[in-house]
Amino acid sequence: MEDIKTNSLPNMGCGMAYLAHPYASAFSDTKAFNLMDAGNIAFKIMKKYLNLTIISPLHNYSFFEGKELKETEILKHDFRLLSRCDILILSGNWRLSCGCMAEYGYAKANGIRIYEYVDGTLYPLE
């Protein structure tokens with residue numbers, strides 16, 4: 001995989017990155033773990049790639065917890081936020097998350113650059 005350093009992104013003056021990470025999962029990870037993991041990943045990315053501002057919908061929409069909203073209602077807000085970002089970063093077990101897969105599809109359909117966070121590095125998925 002190609003490291004983001006060889007991509008044009010570091011030449012941007014600044015950019016907004018949407019961090020997609022699983023939240024509610026039928027698998028072993030808990031919501032609390034996923035929230036903490038997404039926060040740790042966002043912090044690591046911002047320290048390594050100083051030109052990025054990370055938007056984390058898990059943190060942005062934490063007030064949705066317990067409101068019994070349908071996933072489609074939440075995704076409407078996610079897509080609106082993602083549409084204003086320069087790139088999508090996928091992290092964690094994103095391939096097992098319906099929400100992350102929907103965000104991936106939205107970004108792909110709308111020409112938003114897509115990266116995957118793996119072991120401290122961003123790799124393009126295009």
Side-chain angles (χ1 to χ4, degrees):
M1 288 189 268
E2 177 189 358
D3 185 348
I4 196 172
K5 291 179 204 168
T6 62
N7 193 285
S8 61
L9 181 63
N11 297 327
M12 291 173 54
C14 62
M16 297 274 281
Y18 180 105
L19 179 65
H21 191 285
Y23 179 54
S25 175
F27 305 98
S28 62
D29 296 339
T30 65
K31 289 179 180 179
F33 172 81
N34 285 332
L35 190 63
M36 180 186 66
D37 194 36
N40 289 336
I41 290 169
F43 183 73
K44 288 175 186 175
I45 293 169
M46 286 182 71
K47 287 197 56 105
K48 185 171 184 177
Y49 303 102
L50 300 177
N51 58 336
L52 288 180
T53 298
I54 304 298
I55 304 297
S56 170
L58 296 190
H59 295 91
N60 252 29
Y61 297 126
S62 60
F63 56 86
F64 284 164
E65 182 64 33
K67 301 298 189 283
E68 299 186 29
L69 295 172
K70 294 179 183 176
E71 189 167 19
T72 54
E73 293 175 273
I74 296 169
L75 282 170
K76 176 181 70 172
H77 298 287
D78 290 342
F79 294 160
R80 192 175 298 146
L81 185 59
L82 177 54
S83 73
R84 288 164 175 77
C85 292
D86 302 299
I87 67 171
L88 167 65
I89 299 171
L90 298 156
S91 64
N93 291 320
W94 66 272
R95 288 177 178 86
L96 303 176
S97 165
C98 292
C100 290
M101 291 301 291
E103 291 160 331
Y104 171 82
Y106 180 90
K108 193 81 168 161
N110 288 282
I112 299 169
R113 289 190 288 179
I114 304 167
Y115 294 87
E116 182 174 21
Y117 177 84
V118 179
D119 298 327
T121 303
L122 296 176
Y123 297 97
L125 286 183
E126 303 162 355

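The two residues Leu75 and Gly99 have their closest heavy-atom pair at CD2-O, 4.0 Å. Across every non-hydrogen atom of Ala17 and Ile89, the tightest pair is CB-CD1, 3.7 Å. Between Ala38 and Leu19, the shortest heavy-atom distance links the atoms O-CD2, 3.4 Å. Contact record, Leu58 with Asn34: CD1-O, 4.0 Å, taken as the closest heavy-atom pair. Minimum heavy-atom separation, Ile112 to Cys85: CG2-O, 4.2 Å. Looking at every heavy atom in both residues, Ser91 comes nearest to Pro22 through O-CD, 3.3 Å.
The distance from the CD1 atom of Ile55 to the CG atom of Leu88 is 12.5 Å, given to the nearest 0.5 Å. The line from NE2 of His21 to CG of Asn93 is 7.5 Å long, rounded to the nearest 0.5 Å. The structure places NZ of Lys108 at 8.0 Å from CG of Leu125, a figure rounded to the nearest 0.5 Å. Rounding to the nearest 0.5 angstrom, the gap separating the CG atom in Leu35 from the OG atom in Ser56 is 7.0 Å. Considering CE of Met36 and CG of Asn40, their distance stands at 6.0 Å, rounded to 0.5 Å. The line from CG of Leu82 to CG of Asn110 is 8.0 Å long, rounded to the nearest 0.5 Å.
Contacts classified as salt bridge (Lys or Arg N to Asp or Glu O under 4.0 Å) and involving residues 87-106 (residues at least two apart or in different chains) are given here: Arg95-Glu116.
Checking side-chain atoms of Lys44 against main-chain N and O of Gly120 turns up no donor-acceptor pair under 3.5 Å. No side-chain donor-acceptor contact under 3.5 Å links Asp37 to the backbone of Phe33. One N or O on the side chain of Arg84 and one on the backbone of Arg80 form a donor-acceptor pair closer than 3.5 Å.
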Walk me through whether Tyr123 and Leu90 qualify under side-chain contact (heavy atoms from CB on, under 4.5 Å).
CA-CA 10 Å; Tyr123 297 97; Leu90 298 156; over 6 Å; no

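You'll find the side chain of Tyr106 reaches within 4.5 Å of the side chain of Ser83, heavy atoms only.
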